[in-house]
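Just below is one structure, and these are the notes that go with it.
In the text below, chain A, chain B and the rest are named by the order of the sequence lines, each starting its count at 1. Any value given below was found using the heavy atoms of this structure, including those in side chains, with hydrogens, waters and symmetry copies removed.
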2 protein chains.
Amino acid sequence: MDADQELFRALGDPTRRTILVELADRDGQTLFEICGRLVMKHGLTSSRQAISQHLAVLEQAGLVRARRQGRYKFRHLDTGPLRALVERWPIDREAPP
Amino acid sequence: MDADQELFRALGDPTRRTILVELADRDGQTLFEICGRLVMKHGLTSSRQAISQHLAVLEQAGLVRARRQGRYKFRHLDTGPLRALVERWPIDREAPP
DNA sequence: TTGACAGGCAAGCGAAGACTTGCCTTCACT
DNA sequence: AGTGAAGGCAAGTCTTCGCTTGCCTGTCAA
């Protein structure tokens, strides 16, 4: 699947967008921290594995980078693909005069 | 479904994004014109009904507006939702100092 | 008025996706 | 060593999605 498609697909799920928002709020969280936030702040009831799979999709799309440290794995938000996307997406631009 | 979700879902499909690109190239096309362009310029083999359903999704998301005129229905691109999206989407912004 | 053209509606199918369940690995701490 | 915590893997379920098929509606032109 091409990179654009992976990006759009990753953004297509509301739970995944919520994860991004939470990582933007506090960068470098572990899986369990993220799960806790989704439950507390957003009332989501997804299981740990479900969130883990969502994180895998986000990682595949380049939106999240992971850093292992001991038995923890910290997830970091990467806004690069999003910035690149809004720069490159040709629809949202004026037509040449 | 909330508006953001409809937008992201609409953008999630590559065929739908191609339709948007074609409408950006030439605004106000009919269903058959769009079908022709998808076949000619992009090698897509989707049926008329498939494209019609894609257009319905795009319309639902507010990305396409339709104007009936006799037996023709002209589709117009609306870049408003896209512009609003990149303005509002909180990830792609610097944190306040 | 009748045929052809532009488009719509709805049921059904197959594939992809979100989620669960169960078990396994790895690391830290005592 | 051994126990508990963080995370991973894989198979199975169930829903959603994209698309097809078939038929129907409305409009223009001969």
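Note on A/Glu33 versus A/Arg75: no salt bridge recorded, every NZ/NE/NH1/NH2 to OD/OE distance being 4.0 Å or above. The residues A/Asp25 and A/Arg37 are annotated as salt-bridged, a charged nitrogen and a carboxylate oxygen being separated by less than 4.0 angstrom. Salt-bridge check for A/Asp4 with B/Arg17: failed, with every basic side-chain N at 4.0 Å or more from each acidic carboxylate O. Taking a cutoff of 4.0 Å between a charged side-chain nitrogen and a carboxylate oxygen, B/Glu22 and B/Lys41 qualify as a salt bridge.
Heavy-atom minimum distance, B/Glu6 versus B/Ala61: O-CB, 3.7 Å. When all heavy atoms of A/His76 and A/Gly28 are compared, the closest pair comes out as CE1-CA, 3.6 Å.
Annotation: of the two residues near DNA chain C, A/Tyr72 and A/Asp13, the 5′-most nearest-nucleotide partner is A/Asp13. Toward the 5′ end of DNA chain C lies the nearest nucleotide of A/Gly12, the other residue of the pair A/Gly70 and A/Gly12 mapping further downstream.
Between B/Arg16 and D/dG18 there is a side-chain N or O to OP1 or OP2 distance below 4.0 Å. Between A/Lys73 and C/dC27 there is no side-chain polar atom (N or O) within less than 4.0 angstrom of OP1 or OP2. When the side-chain nitrogen and oxygen atoms of B/Arg71 are compared with OP1 and OP2 of D/dT25, none of them lie within a distance under 4.0 Å. A sub-4.0 Å separation between OP1 or OP2 of D/dC19 and a side-chain N or O of B/His54 is present.
Annotation: the span from B/Ile19 atom CD1 to B/Leu77 atom CG amounts to 11.5 Å, rounded to 0.5 Å.
Residue B/Ile19 contributes atom CD1, which lies 12 Å from atom C1' of D/dG18 at whole-angstrom precision. For the pair A/Arg67 CZ and D/dG7 P, the interatomic distance rounds to 12 Å; values are reported in whole Å. Residue B/Arg9 contributes atom CZ, which lies 12 Å from atom P of C/dA18 at whole-angstrom precision. Distance A/Glu59 CD to D/dC9 P: 11 Å, rounded to the nearest Å. Note: CZ (B/Arg68) to C1' (C/dC5) measures 12 Å, nearest angstrom. Distance CD (A/Gln29) to C1' (D/dA6): 15 Å, rounded to an integer number of Å. In this structure, the CD atom of B/Gln69 is 13 Å from the C1' atom of D/dC28, given to the nearest Å.
In this structure, the nucleotide among D/dC19, C/dG17, C/dC19 sitting nearest to the side chain of B/Thr15 is D/dC19.
Against DNA chain C, the stretch residues 30-50 of chain A makes heavy-atom approaches under 4.0 Å through A/Ser47, A/Gln49, A/Ala50.
Counting distance only, with no hydrogens placed and no angle test, the side-chain atoms of B/Gln53 and the base atoms of D/dT20 include a donor-acceptor pair under 3.5 Å.
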